[in-house]
Amino acid sequence: MKIRVFLLSLLLGLVLIFGILGCGSGGGRENPAGPAEIDNSEFGKSLVGAAQSVKFRIVLPSSSSRKSAAGNSLAEIRTSGASGTPSVTFKLTLVNFGNASQPTITLSKTVSADASGTALAIFNAVPALTCIGDIHIEGGKIGSFTDFHGAADLSANVENTILLSPKGSKTEIDVIVQVILNLLASGDFSTLSSSALVERITQAIVGVDLTSLTVYETATSQTTGQIANGMFIWASPFIGGSYWNGQDLKLSIDVPKTSDPVVKVALFLGSSQKLVEFVAPPFEYTLKDISGVTTYTALITYGSGANCSVKKTIICQSIVSNVTTTLCDGSVATITPDSYTPMTASVPFKIATFVVTLASNIDSKPGSFSLRLNRLGNSTTLALDSEKLKLSQSGKTLTVSTIGTTKPNRDYCIEFFGELSIDGQLLKFSSPSYYLKTVKAPYVIVIAGQSQACGRALKSDLQIQYPEVYGHTFKTKVWVDNLAESGGMDSTSHFVTPNPYEGHWEELDLFSPVRQFLQCAVTTHGVEVFLAYLFEQQYPDEQLYIVKFAYGAIPLAHNTDRDMDWSPEQSASYKRMYWAFVNYVLPNAFSSSELESRDFVPIGFVWAQGESDGKITRPEWTHVEGNDHVYLDNLTELFTMMQNDIPEIQSFRKYILKCVSGFATDGSPNSEVSEISQGYPFVKEFVIPDQILFCSGQNNNAVLIDGDSLPILGATYNINPHFNSTALNEIAQKIMNNFDPDPEM
């Protein structure tokens, strides 16, 4: 018959819990029949505090080593006879070397395993002292063992765990218990204290051969000698039972009083780098930002000239246990710290969600927290609750979301920094470095407006002035919607409607019939040619997509003359630019197979329009009595409604191409004469000031592209107010430079 018992931390088949329920009788005796309670007056619980709880965990010897081996096969109780239920006797011996008349008190209780296989004993009001835990199994065994013991320095107000090992197994746990028993048996308590006794013994027996026949005697002798000469102790307890990278820790050197007084104590990092020197007690030093594995040495000098040294090695662990990240396909992967090979799976570049799992519960949300992003020697730091970093906390888990901080197809090094509170103590932490690669994503440009957005620059000028652009084979793609057939309009200036949901992407080609859709004649070109060329030169490994939708002489205000306009307030109609743009053109392009469900990088939204709103024939388009900013109101409403109708547009920066102020018949740049001044007087008076105001708005995410100093076609093309190839090249340069001022991050 096999009886399994309750498992703790995947190793233990026995549970011992101490609660704080009151006080009663106590003393140096056993209490086999029920909850045991301790008299505070006898054992000083009020001075040392009481343990919140205590648990036993059995550690069996490793097959390859006689040292303790946490993590071996699961413990289970097996009956030793043909039948019957095993019983378990729990003992807890509290050690108080400071009380020679009563150095110990033992609490005991015997219980049988219940139907679920759990053996449970409860002891109340346990002082936070050094204690020995003892288990004896009657009628059963774990492995081949029936008797186990271990020791721990109990901490007040927290959960404590005592590791137990088989008696006589010569594991480190077994040796520590035997040293305490030998010290108690000696009756010499003059140099001993119950303060951190297990910690002192653990330090003292470093280097002792645990396989030796005399291991117990050697360990006891070495402990007595080191305690007599001086020991390191901690004036403040571990945080959460461990040492953590980044914590501050007060280190004390405990030097017993002898006939040969101490005249000097020096503390060294390692054995030679002096940190501090004392000539009188207290011999205490606070270690700042401890980390890694570090040995400290105290050199104690006595009045006689004699000296001795003691060492203390601390092993710190990172508070960050591991980090996972949400991948572009929605799955979760662990990223490995300190590995310079980026993870094979890519993470989204727009919003990367990192889940930081800590090695200990923290008391509350971090008091401070930041994420440092490094790439090619450049770094940027995001602070807690900034616009680009959000953090939530639950138990050991921190969920960190970064917004708009990374770029596609890049390798990054990520580190986390912060200040946490564990057991009421502050801990500054820094994580290991985590390396990752962001997903490769397409880039998108949107161009809209009227004829200046269409582009009227001459291809013949492009061929002469920019032959490298003219002869370039583009991989940039443009969106071709069925609304584009016959230039997108029929003979009555209505949008063509067959199969409006269909469309496709194709490579930009100066000589393709699709140029009609882009509203460029066979002999002309627009700004998209230079935008595509500059992008491909700057980002040869990336893919650019351009959505262009424009038509000449279309106002932003409602147009009753032609019933064609960009006004977002008009009812659904194939005659409305805005309606077709947000119902067919952009949705079709963004939901196409090449962009669907993918993050893309918005380079910008180029808006080139306004001259038609400045015509003398319709001054009310721009100016209404009592409101000098009708164009500003209309432009603001256009983008507000567009962002509501097409949420992706919210992430686009707007590039407002400033209206041309005027031009001369001789083709000189923007002189304030004749034709345009006569035909579009309200451009300078109302439209341009409103464009400037819109771009100055903090929440509009808009940049004004000022073309006043740029050349127009002028007399070379029928007194034409449109920009020539040189102007379009400079406009494209300004947009690309503004888009990515820091290409490395």
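- Within the 4.5 Å cutoff, no side-chain heavy atoms of D174 are placed close to those of P166.
- Although no hydrogens or angles enter the test, the distance criterion places no donor-acceptor pair under 3.5 Å between the side chain of D147 and the main chain of H136.
- You'll find the side chain of P61 reaches within 4.5 Å of the side chain of F145, heavy atoms only.
- Side-chain N or O atoms of Q247 include one that pairs as donor or acceptor with a backbone N or O of W244 at under 3.5 Å.
- Looking only at side-chain heavy atoms (C-beta outward), V88 and I135 come within less than 4.5 Å of each other.
- Counting heavy atoms from C-beta outward, F148 and L60 have side chains that approach closer than 4.5 Å.
- Residues T202 and I176 are in side-chain contact: their nearest non-hydrogen atoms beyond the backbone lie under 4.5 Å apart.
- Under a 3.5 Å cut-off, the side chain of T297 and the backbone N or O of G270 do form a donor-acceptor pair.
- The CD atom of E415 lies 3.5 Å from the OG atom of S433; values are rounded to the nearest 0.5 Å.
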Stepwise, does the side-chain contact (heavy atoms from CB on, under 4.5 Å) test hold for Y216 with V208? CA-CA 10 Å; Y216 301 121; V208 171; over 6 Å; no
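- Here L94 contributes atom CG and I105 contributes atom CD1; the two are 6.5 Å apart, rounded to the nearest 0.5 Å.
- No more than 12 heavy atoms of other residues, nucleotides or ligands shown are found within 6.0 angstrom of NZ on K388.
- Side-chain contact between T223 and I205: present, with at least one pair of heavy atoms (C-beta onward) separated by less than 4.5 Å.
- The line from CG of D363 to CG of D423 is 6.5 Å long, rounded to the nearest 0.5 Å.
- Put simply, CZ on F369 and CG on L389 are 6.5 Å apart, with the number rounded to the nearest 0.5 Å.
- Remark: the backbone N or O of K91 is not paired with any side-chain donor or acceptor of D134 at under 3.5 angstrom.
- Nearest heavy atom pair, residue F278 against residue E284, reads CZ-O, 3.0 Å.
- A donor-acceptor contact shorter than 3.5 Å is absent between the side chain of K428 and the backbone of F417.
- Nearest heavy-atom pair, N245 versus G292, reported as atom, atom and distance to 0.1 Å: OD1-N, 2.9 Å.
- For the pair I315/Y243, no side-chain contact is recorded, criterion being any heavy-atom separation below 4.5 Å from C-beta on.
- A distance of 11.5 Å separates CD of Q178 from NZ of K170, quoted to the nearest 0.5 Å.
- Judged by distance alone, the side chain of T220 and the main-chain N or O of N182 form no donor-acceptor pair under 3.5 Å.
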Could you walk me through whether L391 and L398 pass side-chain contact (heavy atoms from CB on, under 4.5 Å), step by step? CA-CA 7 Å; L391 175 124; L398 303 177; 4.2 Å; yes
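- Open room surrounds NZ on K264; 12 or fewer heavy atoms of other groups in view lie less than 6.0 Å from it.
- The heavy-atom pair separating G367 from L384 by the smallest distance is O-CD2, 4.4 Å.
- Of all heavy-atom pairs between D153 and N160, the closest is O-OD1, 4.2 Å.
- Using a 3.5 Å distance cut-off with no hydrogens or angles, the side chains of S370 and T381 do not pair a donor with an acceptor.
- At least one donor-acceptor pair closer than 3.5 Å links the side chain of T294 to the backbone N or O of S291.
- The line from CD1 of I290 to OH of Y296 is 7.0 Å long, rounded to the nearest 0.5 Å.
- Ring planes of F354 and F416: perpendicular class, angle over 60° (limits at 30 and 60°).
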Could you please spell out the steps behind the side-chain contact (heavy atoms from CB on, under 4.5 Å) verdict for L373 and I414? CA-CA 5 Å; L373 193 69; I414 303 259; 3.1 Å; yes
Which is it for L154 and L129 under the side-chain contact (heavy atoms from CB on, under 4.5 Å) test, yes or no, and what are the steps along the way? CA-CA 5 Å; L154 299 182; L129 298 170; over 6 Å; no
Determine, stepwise, if the pair T334 / N322 fulfils side-chain hydrogen bond (donor to acceptor under 3.5 Å, both in side chains). CA-CA 7 Å; T334 299; N322 69 347; 4.5 Å; no
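- Closest heavy-atom contact between Q393 and K365: OE1-N, 3.4 Å.
- The side chain to side chain contact (heavy atoms under 4.5 Å, CB included) test applied to V263 returns T301, not counting sequence neighbours.
- S186 places a side-chain N or O within 3.5 Å of a backbone atom of L183 that can act as its donor or acceptor partner.
- Formation of a donor-acceptor pair under 3.5 Å by the T218 side chain with backbone atoms of T214 is found in this model.
- Using modelled atom types, one side-chain atom of D248 and one backbone atom of D289 make a donor-acceptor pair closer than 3.5 Å.
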Decide yes or no on side-chain hydrogen bond (donor to acceptor under 3.5 Å, both in side chains) for S87 and T110, but give the supporting numbers first. CA-CA 7 Å; S87 63; T110 300; over 6 Å; no
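- Considering every non-hydrogen atom in both A266 and K274, the closest pair reads CB-CE, 4.3 Å.
- Side chains of T397 and V355 form a contact here, defined as non-hydrogen atoms less than 4.5 Å apart.
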